[in-house]
Amino acid sequence: MTLTTAPRGTYDIMPNQALAWQWLEKNIREVFLLYGYGEIRTPIFEHTELFQRGIGETTDIVEKEMYTFTDKGGRSITLRPEGTASVVRAYIEHKLYGQAPVAKLYYLGPMFRQERPQAGRFRQFHQFGVELIGDESPVADAEVILLAHDLYRRLGLTDLEIHLNSVGCPHCRQEYKRVLTSMLKAAAGELCPTCRVRLDRNPLRLLDCKNAACQGILSRVPPIQNYLCTDCRHHFDQVVALLETVNVKYELSPRLVRGLDYYFRTVFEILNKDLGAQNALCGGGRYDGLVEECGGPAVPGVGFASGIERVLTTLEQRGKLPEFSNSPNLYLIPLGEQLSAVAFSLATTLRRAGYIVELGNGRKSLKSQLKTAHKSGAALAVIIGEDEWQAREVTFKKMDDGSQKRIAVADLATEIVKLVHPSVGTSKMGKGSQERSSVDDLIDTLQKELAMVNHLVVPLTNCTNKEE
RNA sequence: GUGGGCGUAGCUCAGUUGGUUAGAGCGCCAGGUUGUGGCCCUGGAGGUCGAGGGUUCGAAUCCCUCCGUUCACCCCA
């Protein structure tokens, strides 16, 4: 049982699904490139201490969700539950602060959290995200939010909700926490058990509790905005103003606090309400202080992380996922095992010329192979039978209308070029005046390769003839 | 970690108050055409009914335990 099932919360991405992943990843990389971010690939695991320190000891991630083990050297190792800590570690390790005023980094890859899986939540899941380190200005916050927004927009996702809040700096947050704690202590008996615990450990986290009773009590609590210091207030106002200048719609969410300790001032989430309980497409915010906490200089930072699975689900829900196809251009059908060798050589030739070629099984009937060719979605079937090959010909059959004709091997190159465009290596094609010459190039290449096929194939057919 | 739903063919699912060789549709393979796909027709393969235990003359069906899965809580992407 365990041998034939992927571990709980994990899953396989099968070839047809992988096409959507590749498409999405390509779009992500392109947008990040537009905004000037460079990819960083950090290890999948890190020293446990990095996450404990970076994410925060009292967070759920660190307290109960990490995949942690001791390696053979006795070191405590953890599979990364998120990306920011690792990027910050690498930033410090490579002393990027000494190379340029800001570092703009992006990542994309698997993350691991040991939670009970449910809709939109997995134990191995995939995130992409950016970290803009070294810029304390509100423009940086706005850019990061806009980056996420623009990426989704480019993918065709328009009416998503951007939720925005400020959690202040350690100074004003301290003040707010005091007010919050004193107000809630009085009503502690009515709070849910987890909130009662949080009251002492991390009172801000009470704010987004979904328990109805807690919400009732919390509705009487003033929003954190009322307690922001002038600098924090000013910073937040500017972020909001910047979003206005580019006409991005947002909602102010005074209850949004987010579960990671490192957030500072700006926090945001982008939601798709249709996703189910796990409806956040991405989340992020500013984390001034994190680099220093992790042993680097006092450098500010801001970033976000987005879940690939959730983006894909949203795209699918909204019908924005393109149709993907990896149908072959040509399906070669040898009739009989002797001719399989001919088809094999021909397939190699055509693949080298950039065509997607599928090769039928020569032991199977023509009918069976044609069925398979049909199912493969190939545009053209090339039948290589004894009749044809005696005359050094093959039969071309167009799969859409069923029309067919016999083609002399000598004319193969020109005929193929006329009927199908290669799917691979098309970069040389389609550039106006260059098109003509690249078609000729293709024919040349094919002809050279085909000469080789003839050469290889003659002894084989001779063999067949001798046996008869 | 807690709670609810669901586990029958590759997939989607029927299966009556417990009753004999567990079914359908789709898919797959083959044939109908000694060399022609899609449509149609015929046939075939494929199931320890999630696992173990119990009740019973008899269990896919009832009971228990476990496992898996799914949704929700906590929390998050």
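Naming: A, B, ... by sequence-line order, numbering from 1 per chain.
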C1'-based separation of rU33(B) from rU70(B) [nearest Å]
49 Å
What does K64(A) touch in the nucleic acid at a heavy-atom separation under 4.0 angstrom: a base, only the sugar-phosphate, or nothing?
base
Return the CD to OG1 distance between Q114(A) and T68(A), rounded to the nearest 0.5 Å.
9.0 Å
Any pair with a residue in residues 111-132 of chain A that passes ring pair (Phe, Tyr, Trp, His ring centres under 6.0 Å), sequence neighbours left out, goes on the list, sorted by first then second residue, please.
Y11(A)-F122(A), W21(A)-H126(A)
Counting N and O atoms only, with roles assigned by atom type, does the side chain of E131(A) sit under 3.5 Å from a partner on the main chain of I133(A), one being a donor and the other an acceptor?
no
Side-chain donor/acceptor of D288(A) to backbone N/O of G301(A), under 3.5 Å:
yes
Nearest whole angstrom, please: distance from the P of rG35(B) to the CG of L370(A).
12 Å
To the nearest angstrom, the CG-C1' distance between L335(A) and rU34(B) comes to 13 Å
Looking across every strand, which nucleic acid part, if any, lies under 4.0 Å from E63(A) by heavy atom: base, sugar-phosphate, or nothing?
nothing
On the nucleotide rA77(B), are OP1 or OP2 found under 4.0 Å from the side-chain N or O atoms that R258(A) carries?
yes
Distance in angstrom units between I333(A) CD1 and rG37(B) C1', rounded
8 Å
G283(A) or T10(A): which one's nearest nucleotide on RNA chain B is closer to the 5' end?
T10(A)
Give the rounded distance in Å between these two atoms: CZ of F396(A) and C1' of rG37(B).
18 Å
Applying side chain to side chain donor-acceptor pair (under 3.5 Å) between R286(A) and each of T266(A), D135(A), D141(A), report the one that passes.
D141(A)
For nucleotides 38-40 of chain B, which of its nitrogen or oxygen atoms have a protein nitrogen or oxygen under 3.5 Å away, and what is each distance?
| from | atom 1 | to | atom 2 | distance (Å) |
| --- | --- | --- | --- | --- |
| rG38(B) | N2 | D400(A) | O | 3.2 |

Give I308(A) one of three labels, base, sugar-phosphate or nothing, depending on what nucleic acid heavy atoms sit under 4.0 Å from its own.
nothing
To the closest 0.5 Å, what do you measure between OH (Y152(A)) and CG (L147(A))?
9.5 Å
Under the salt bridge (charged side-chain N to carboxylate O under 4.0 Å, His left out) test, which residues partner E25(A), sequence neighbours left out?
none
Can you tell if the side chain of S327(A) reaches within under 4.5 Å of the side chain of I356(A), non-hydrogen atoms only?
no
Whole-Å distance separating the NZ atom of K405(A) from the C1' atom of rG35(B):
20 Å
Rounded to whole angstrom, note down the C1' distance from rC11(B) over to rU16(B).
26 Å
Mind checking A305(A) for me? I need base, sugar-phosphate or nothing, with any heavy atom below 4.0 Å counting as a touch.
sugar-phosphate
Between rC73(B) and rU56(B) - P atom distance, rounded Å
44 Å
When the C1' atoms of rG15(B) and rG47(B) are considered, how many whole Å apart are they?
14 Å
Between E415(A) and I407(A) (side chain of the first, backbone of the second, donor and acceptor by atom type, cut-off under 3.5 Å), is there such a pair?
no
Mind checking if S368(A) touches a base, just sugar-phosphate, or nothing, with heavy atoms under 4.0 Å?
sugar-phosphate
Could you measure between the two P atoms, the one in rG46(B) and the one in rA9(B), and give it in whole Å?
15 Å
Within residues 109-123 of chain A, residues whose heavy atoms come under 4.0 Å of RNA chain B:
R113(A), E115(A), R116(A), Q118(A), A119(A), G120(A), R121(A), F122(A)
Using modelled atom types only, decide if a donor and an acceptor are shared between the side chain of R310(A) and the backbone of L281(A) within a distance under 3.5 Å.
no
Is it the case that rU36(B) (base atoms only) and Q404(A) (side chain only) share a donor and an acceptor within less than 3.5 Å, ignoring hydrogens and angles?
yes
If we ignore hydrogens and angles and just use 3.5 Å, is the side chain of K104(A) paired with the main-chain N or O of Y35(A) as donor and acceptor?
yes
Does the ring centre of Y227(A) sit less than 6.0 Å away from the ring centre of Y176(A)?
yes
C1' gap between rU48(B) and rG44(B), integer Å:
22 Å
Could you tell me the separation between the CZ atom of R80(A) and the P atom of rA77(B), rounded to a whole number of Å?
14 Å
P atoms of rG18(B) and rG10(B), separation to the nearest Å
29 Å
Gap in Å between the two C1' atoms, one belonging to rU2(B) and one to rC13(B), rounded:
32 Å
Contact residues, residues 13-21 of chain A to RNA chain B [heavy atom, < 4.0 Å]
none
With a 4.5 Å limit on heavy-atom distance, are the side chains of K397(A) and I333(A) in contact?
no
Is a side-chain N or O of S166(A) found less than 3.5 angstrom from the main chain of G168(A), in a donor-acceptor match?
yes
Regarding R318(A) and D159(A), does a basic nitrogen lie under 4.0 Å from an acidic carboxylate oxygen?
yes
Salt bridge or not for R80(A) and E46(A), using N-O below 4.0 Å?
no
Ignoring hydrogens and angles, are the base of rG35(B) and the side chain of E388(A) linked by a donor-acceptor pair under 3.5 Å?
yes
What is the distance, rounded to the nearest whole Å, between atom CD of Q124(A) and atom P of rA77(B)?
17 Å
Side chain of K364(A) - closest among rA77(B), rU36(B), rA30(B)
rA30(B)
So what stems show up for RNA chain B if we need 3 or more Watson-Crick or G-U pairs in a row, all under 3.5 Å?
B:1-7 with B:67-73, B:10-13 with B:23-26, B:28-32 with B:40-44, B:50-54 with B:62-66
Rounded to the nearest angstrom, tell me the gap between atom CG in D60(A) and atom P in rU2(B).
16 Å
Reading RNA chain B from 5' onward, which residue's closest nucleotide shows up sooner: R310(A) or S365(A)?
S365(A)
